[in-house]
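Reviewing the structure listed below.
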Amino acid sequence: MTRRGGRRRLGLLACTTLLVAGCGSAEPDPGPASPTTAGPAATRSFAAGAAGAGDPYFPSYGNGGYDVAHYTVKVRYDPETDKLSGTTTMRATATADLSAFNLDLAGLTVRSVTVDGAAARHSRTGNELVVTPATGLTSGNGFTAEIRYDGRPEPLRTESLGEGGWLHTSDGAIALGQPESASTWFPVNDHPSDKATYDFEITVPKGLTAVSNGVPKGKSTSGDWTTWKWSEGAPAASYLTTVAIGKFRVTTGEHKGRPVYSAVTTQLPQGAPDRSIARTVEVADYLESVFGPYPFDSYGGVVIDDDRIRYALETQSRPVYSASFFRQGDNTGVVAHELAHQWYGNSVSIQRWQDIWLNEGLATYAEWLWAEHSGSTTVQRTFEQKYANAGSQVWRTPPGKPGVENLFSRSVYDRGGMTVHALRVAVGDTAFFTVLRTWAAERKNGNATTADFVALAERVSGKKLAKVFDPWLYGTERPPAPKPL
């Protein structure tokens with residue numbers, strides 16, 4: 001993610017509107033089911049899955065007891081009424097013997113739930129949808145859940161992080177945000193530790209475009225409605241899903257056998273946003289030369305114009321950019337930042353939110369690399385300027401353990417980038433760039449932690465690196481300027 005100016009990054013970009021009418025279930029929660037199946041299942045101890053993924057920063061985010069493989073999300077949204085209706089089908093595997101399991105769903109009214117085709121009971125506790133299947137789910141077995149819902153979607157708001165999720169806009173809607181947003185328009189295990197593949201079918205009034213993640217799969221019109229289809233075949237963290245509905249200047253093409261699909265809102269005159277986004281594949285090719293093969297099956301970007309959104313977000317395969325990044329002219333630096341996230345943050349995702357510097361520090365460093373590649377300034381000069389001019393808050397806030405309040409602070413970005421450069425100076429260019437490529441290759445489509453990154457850097461360089469990482473990631477004073485080890 002890239003923030004614009006000094007404002008806190010808002011955690012929502014809502015392109016698809018979920019209906020937020022009523023949170024109640026059609027019937028009260030009867031409590032966990034007690035399986036009565038004879039044979040081996042009768043000896044099992046079935047219990048409800050956890051109502052959180054266990055993230056220390058956000059204990060209620062995500063859920064436990066199952067692993068999602070795929071979501072098929074079908075929604076219809078009418079901007080005139082700001083109403084959304086949808087059916088989401090989730091394919092998952094139980095990782096415990098479950099009598100019930102939770103999904104994250106903010107607002108919206110659930111109309112029905114089935115599990116493996118059989119009606120399931122459901123109830124709501126805040127933004128938690130509790131599903132109780134007719135019979136228990138056995139650990140290691142796959143299951144399919146289908147949820148029908150509708151309502152007026154609304155963003156999620158927190159005091160420290162702002163808002164994120166579904167936003168009704170002047171010509172449609174957008175769904176976007178970090179650390180959470182997906183649960184405002186479909187039921188989901190909303191934590192990056194449970195990545196999945198996605199198919200989206202987004203039906204909107206004829207004349208509007210609906211842009212989402214992955215490969216475009218065509219559109220069809222029936223009466224006054226058009227359905228746009230998208231498919232993301234690589235595992236994605238839920239906050240990296242998006243939908244943007246409105247009127248756009250769309251450009252399409254192909255690059256290295258992959259589709260290119262970009263959209264710039266027609267609310268902006270043609271100019272800097274179009275030129276900057278048109279260089280997406282050029283920037284991606286340069287980053288590929290540094291980080292290794294581009295990890296996804298499509299390219300593109302979306303530019304929107306809404307004063308509530310003053311950031312860019314690395315939504316998978318198709319980042320979303322605020323128009324504010326292009327007010328002063330062309331800006332390929334922000335494109336480099338969000339595209340770098342396709343490797344670091346998207347393909348290689350964090351296991352817990354505390355390690356967000358792994359995403360933002362590496363993406364910030366990619367901006368510095370791109371600036372040097374394009375002849376603007378050297379990486380060393382950029383580091384020196386950041387090191388000399390960083391405010392006291394940057395040095396007081398450890399990027400490796402920033403706390404929820406500082407999750408998207410300048411320390412995470414700028415000191416995160418400086419940490420990456422300190423590693424480069426310490427181990428030398430050969431080992432450093434090998435670390436970056438190996439990190440992307442070995443962790444592709446997975447999750448990782450800071451400890452994993454440090455272990456890799458030590459393995460590749462053959463050096464103990466606590467003297468590098470400890471002061472830069474966890475210290476509360478400005479570290480000495482980096483030197484070779």
Side-chain angles (χ1 to χ4, degrees), residues 1-9 55-58 159-161 178-179 337 340 344-345 350-369 371-372 377-429 431-432 435-436 439 448-485:
M1 172 194 290
T2 308
R3 302 177 309 150
R4 186 62 179 166
R7 293 182 55 177
R8 181 178 298 280
R9 164 187 184 167
D55 193 311
Y57 278 22
F58 302 103
E159 184 176 347
S160 60
L161 299 175
Q178 188 180 15
H337 184 107
Y344 308 125
I350 52 175
Q351 183 69 23
R352 58 181 185 176
W353 282 107
Q354 176 181 317
D355 293 326
I356 187 65
W357 85 272
L358 281 170
N359 298 359
E360 301 303 345
L362 286 164
T364 296
Y365 201 73
E367 287 187 68
W368 302 358
L369 290 168
E372 181 171 278
T377 185
T378 66
V379 171
Q380 181 62 32
R381 180 59 179 154
T382 301
F383 170 84
E384 291 168 354
Q385 291 173 338
K386 298 290 185 182
Y387 185 73
N389 298 323
S392 59
Q393 183 63 32
V394 168
W395 304 119
R396 287 199 301 266
T397 303
K401 196 174 182 179
V404 173
E405 293 287 334
N406 295 304
L407 201 61
F408 302 113
S409 66
R410 290 271 38 112
S411 175
V412 169
Y413 288 73
D414 292 346
R415 189 168 157 187
M418 287 187 273
T419 300
V420 175
H421 191 66
L423 172 64
R424 179 179 179 178
V425 172
V427 303
D429 279 10
F432 172 75
V435 168
L436 297 189
W439 184 244
T449 65
T450 296
D452 295 326
F453 185 78
V454 172
L456 172 66
E458 291 185 335
R459 170 162 61 89
V460 170
S461 68
K463 302 176 185 293
K464 295 295 183 181
L465 297 173
K467 291 182 179 180
V468 177
F469 286 111
D470 285 355
W472 279 99
L473 289 181
Y474 304 111
T476 55
E477 297 178 353
R478 186 170 73 166
K483 297 179 180 179
L485 288 180

Worksheet item: When you look at E360 and T364, which way does the side-chain hydrogen bond (donor to acceptor under 3.5 Å, both in side chains) test go after all the steps?
Response: CA-CA 6 Å; E360 301 303 345; T364 296; 5.3 Å; no
Discussion item. side-chain contact (heavy atoms from CB on, under 4.5 Å), that's the test. Do Q380 and H421 meet it? Break it down for me.
Written reply: CA-CA 8 Å; Q380 181 62 32; H421 191 66; 2.8 Å; yes
Just so I know, are the side chains of [X] and [Y] near enough to count as touching, which here means a heavy-atom distance under 4.5 Å?
X: W353; Y: D55; answer: yes
X: Y344; Y: V420; answer: no
X: K463; Y: E458; answer: no
X: N406; Y: Q393; answer: yes
X: V379; Y: R424; answer: yes
X: F453; Y: L358; answer: yes
X: L423; Y: F469; answer: yes

Worksheet item: Given the rule in the side-chain hydrogen bond (donor to acceptor under 3.5 Å, both in side chains) test, do S392 and R396 qualify, once you have shown the distances and angles that lead to the verdict?
Response: CA-CA 6 Å; S392 59; R396 287 199 301 266; 3.0 Å; yes
Fill in: Test ring pair (Phe, Tyr, Trp, His ring centres under 6.0 Å) applied to Y365 and F432, W357, Y413, F383, the passing residue
F432
Discussion item. Taking the six-membered ring of Y57 as reference, does the cationic atom of R352 (NZ for Lys, CZ for Arg) lie under 6.0 Å from its centre and within 45° of its axis?
Written reply: no
How close do [X] and [Y] get, counting heavy atoms only, and between which atoms?
X: P471; Y: A466; value: CD-O, 3.7 Å
X: P398; Y: T476; value: CD-CG2, 4.4 Å
X: V435; Y: A457; value: CG2-CA, 3.9 Å
X: A426; Y: V468; value: CB-CG2, 3.6 Å
X: V412; Y: P399; value: CA-CB, 4.0 Å

Worksheet item: Between K401 and Q354, does a side-chain contact (heavy atoms from CB on, under 4.5 Å) hold up when you go through it step by step?
Response: CA-CA 6 Å; K401 196 174 182 179; Q354 176 181 317; 3.9 Å; yes
Item to complete: Return yes if a side-chain donor-acceptor contact under 3.5 Å exists between D355 and T449, otherwise no.
Response: no
Discussion item. Students often mix this up, so state it plainly: with edges at 30° and 60°, are the rings of Y387 and W472 parallel, tilted or perpendicular?
Written reply: tilted
